[in-house]
Amino acid sequence: MSDIIAAVAAAGAEWSAAEPQRRGRALVAVADALTGAADELVPLAMSETGLSEARLRGELKRTTVQLKLFADVAVAGAFLDVRLDAADPDFVLGPRPDLRRYLVPLGPVLNFAASNFPFAFSVAGGDTASALAAGCPVLVKAHPGHPRLSDRTASIVRAALAESGMPADALGLIHGQDEGVSALRDERIAAASFTGSLRAGRALFDIAAARPRPIPFYGELGSINPVVVTAAALAERADRIATGFAASVTGSAGQLCTKPGLLFLPAGAGFPTTAFGDAGPHRLLHPGIVEGYARRRDEVLGTKGIHVLREGAVDGDVAAPTLVETDLATFDEHRDTLADEAFGPLSIIVRYDPAAALAPVLADLVEGSLTAGLHIGTGEDSPWLREVIGVLSDRAGRLLFDGWPTGVAVTPAMQHGGPWPATTNPTTTSVGTAAIGRFLRPVTFQDCPPTLLPPPLRDDNPWGVPQTRSAAGESARWGRLS
Ligand code: NAP
């Protein structure tokens, strides 16, 4: 494995120094190669994960679109956040030197692939695309749930990199838990990304922090994704909300980090659950998830005060959706059991009454989440609603109105992260263009001779990147605010 890390680290010099256009072209070549191999990759993914062909074809498309988006990001250069402060003899605090700041790649990134997105969060997924776009070579720790797909994807990516004139070793692949831990401890690794369980993510985060030279560890862990429905929304469109909820919980057998795990409904209002019955049994991704889901489902079903609406079942590696209901007081009492993620097709309806009791309970009982949702009546507004919005937005990375959290758009304004335990670092995202910032660090060149400046910091700006300039003399006007 050390050879693989050495090769990835060695490729980093050429990869990071490459002009944005070269890096961008290489990412597009990778995307096109994966698209061209779809008829080989999708059946392989189906056999290893049990996910449907439609889901996997859509996910592969998302993966290639993501690579192309990051190709554009690399070329546009705004991610470099170039700031040029002109030397200023009249600076208000005394003479200011010439200061030029930009962001540079951290170095080799170790990416722990996820089980539940064998394309979009695996070998060529979002963590890899954003790290490569940042200028970092990537070592992927394959998820054991799809080892052959990981090998095949890596060889396609490496061949496409080489064909585009870039080093194939800008991407390397390893297998095995011990190998993943050793790589995380390796001095040549400069940052790590992870999507998976709270337990494993926390263990790896601690290893990253305990290294002699600690490194950033970006873990995307468990998320409960609470959704609140108001009485007005339910009166307007209970059927539509119920159908959307069932689709969001049961799609991909609930094995999505954004699955709504808690639905808060006003007490007494009708809520049809027939759509849950329409979703049939579905194979789960791998034995670890079967075991974890069956255990969590048993814990929830065994909780006093839980009323079963749809029992579902776990039969071998196949699960049918389970839906249960309880009230706010029971939820409050059994918070540790009920407000913990069940990774699979299970959700809990919590009936609230009176409405005024909801916000304090949410504040006490709901930990950090990737998302939170609200379904409200047309034009609805009240101090109570604003209080609920405030509580949810304090705890979630993305607040959705009248929508469902599964199906994460890959786009500049997306936020896919949140306060602990949703992620180990709430200041960033693992989906969307801002994800690139995880793999960069700032450096300022002070009074550097122009001929020695890196291209993005030069006045002639050969890469054509956005440069934010602070002219001499500006400090005398600071604070005028107009
Ligand atoms: P996982 O068990 O956390 O495994 C993810 C990765 O971490 C794998 O590469 C695994 O390698 C490694 N790993 C696990 N335990 C480790 C340890 N003690 N030390 C070092 N490495 C370790 O995740 P999973 O198999 O995908 O699914 C299990 C659970 O993860 C789910 O039930 C769910 O709760 C959560 N999950 C969350 C998300 C999300 O997006 N937030 C996505 C998927 C899963 P090995 O298997 O080779 O040991």
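Note: hydrogens, waters and symmetry copies are ignored here, and every other heavy atom, side chains too, is used. We count ligands from 1, going down the list as the structure has it; atoms in each ligand are counted the same way. By convention here, the first residue in the shown sequence is residue 1.
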Atom 43 (C) of ligand 1: of Leu370, Val140, Asn116, the nearest heavy atom sits on Asn116

Which heavy atom of the protein is the closest neighbour of [atom], given with residue, atom name and distance?
| atom | value |
| --- | --- |
| atom 44 (C) of ligand 1 | Phe343 CZ, 3.5 Å |
| atom 37 (C) of ligand 1 | Gly196 O, 3.1 Å |
| atom 41 (N) of ligand 1 | Leu221 O, 2.2 Å |
| atom 15 (N) of ligand 1 | Ala200 CB, 3.3 Å |
| atom 4 (O) of ligand 1 | His143 NE2, 3.9 Å |
| atom 10 (C) of ligand 1 | Lys141 NZ, 3.9 Å |
| atom 21 (N) of ligand 1 | Gln177 CG, 3.5 Å |
| atom 26 (O) of ligand 1 | Ser115 OG, 2.5 Å |

Might you check, step by step, whether the distance between atom 12 (C) of ligand 1 and some protein heavy atom is under 4.0 Å? no

Ligand 1 to Thr195 polar contact by distance, N or O atoms, under 3.5 Å: no

With nothing but distance in play, are any N or O atoms of Cys257 less than 3.5 Å from an N or O of ligand 1?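 No; every N/O pair is 3.5 Å or more apart.
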
Using 30° and 60° as the class limits, which term best fits the ring planes of [X] and [Y]: parallel, tilted or perpendicular?
| X | Y | value |
| --- | --- | --- |
| His286 | His143 | tilted |
| His416 | Phe121 | tilted |
| Trp404 | Phe245 | tilted |

Is [X] salt-bridged to [Y], going by a charged N under 4.0 Å from an acidic O?
| X | Y | value |
| --- | --- | --- |
| Arg335 | Asp364 | no |
| Arg202 | Asp206 | yes |
| Lys259 | Glu341 | no |
| Arg211 | Asp186 | no |

Please state which part of Glu341 comes within less than 4.0 Å of ligand 1, counting heavy atoms only: side chain, backbone, both or neither.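 Contact part for Glu341 vs ligand 1: side chain (C-beta onward).
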
Between Leu198 and ligand 1, which part of the residue brings a heavy atom under 4.0 Å of the ligand: side chain, backbone, both or neither? neither

Report yes or no: does Thr337 contribute a side-chain atom to a donor-acceptor pair with the main-chain N or O of Glu299 at less than 3.5 Å? no

Taking Thr322 for its side chain and Glu311 for its backbone only, find out whether a donor-acceptor pair lies under 3.5 Å.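 Between the backbone of Glu311 and the side chain of Thr322 there is a qualifying donor-acceptor contact (under 3.5 Å).
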
Atom indices of ligand 1, in the order listed, that fall short of 4.0 Å to a heavy atom of [X]:
| X | answer |
| --- | --- |
| Ile289 | 27 (O), 28 (C) |
| Glu220 | 39 (C), 40 (O), 41 (N) |
| Val181 | 20 (C) |

Quick one: does [X] get a heavy atom under 4.0 Å from ligand 1?
| X | result |
| --- | --- |
| Phe194 | yes |
| Ala114 | no |
| His286 | yes |

Side chain to side chain contact (heavy atoms under 4.5 Å, CB included) between Arg62 and Val431, worked out: CA-CA 11 Å; Arg62 166 182 166 169; Val431 179; 3.9 Å; yes

Tell me, do Asp127 and Tyr218 make a side-chain contact under 4.5 Å, heavy atoms counted? no

Pairwise side-chain contact, Arg188 with Ser2, heavy-atom cut-off 4.5 Å (strictly under): yes

